[in-house]
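None of the values given here were measured: they were computed from a predicted structure. Counting from 1, the numbers follow the sequence of the chain as shown.
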Amino acid sequence: MGLGGCIILIAVGAILTFATDWHMQGVNLDLVGIILMIVGLIGISTFSGIARRRRVVVPPTTPVVEEEVRHRRTDGYSDGYGV
């Protein structure tokens, strides 16, 4: 159940508790609404705890600077004397 499901549980529980005046035999809708709101709050706290653990901070890597490698030719032409 994601964050949206938890918010829906809280909203439905609040509607059942505060906005209805239905009376059903054998069912206390106020208690059902309170239970739904509590389950929604527990779900939100669990979801936020899991989401907080999933975020991994990766430290920025330092750029790798490659040095230019110069190869010296030893054939007598690269030093300027053989030209």
Under 3.5 Å, sequence neighbours excluded: what are the donor-acceptor pairs made by side chains of residues 13-22?
| unit_1 | atom_1 | unit_2 | atom_2 | d |
| --- | --- | --- | --- | --- |
| Thr17 | OG1 | Gly13 | O | 2.8 |
| Thr17 | OG1 | Asp30 | O | 3.4 |
| Thr17 | OG1 | Ile34 | N | 3.3 |
| Thr20 | OG1 | Leu16 | O | 2.8 |

So CG of Leu36 and SG of Cys6: to nearest 0.5 Å the spacing works out to 11.5 Å

Just verifying a value: how many Å separate Leu41 CG and Ile7 CD1, rounded to the nearest 0.5 Å?
10.5 Å

Ile42 meets the side-chain contact (heavy atoms from CB on, under 4.5 Å) criterion, sequence neighbours left out, with Ile38, Thr46

Are Met24 and Leu29 side-chain neighbours, meaning at least one heavy-atom pair lies under 4.5 Å?
yes

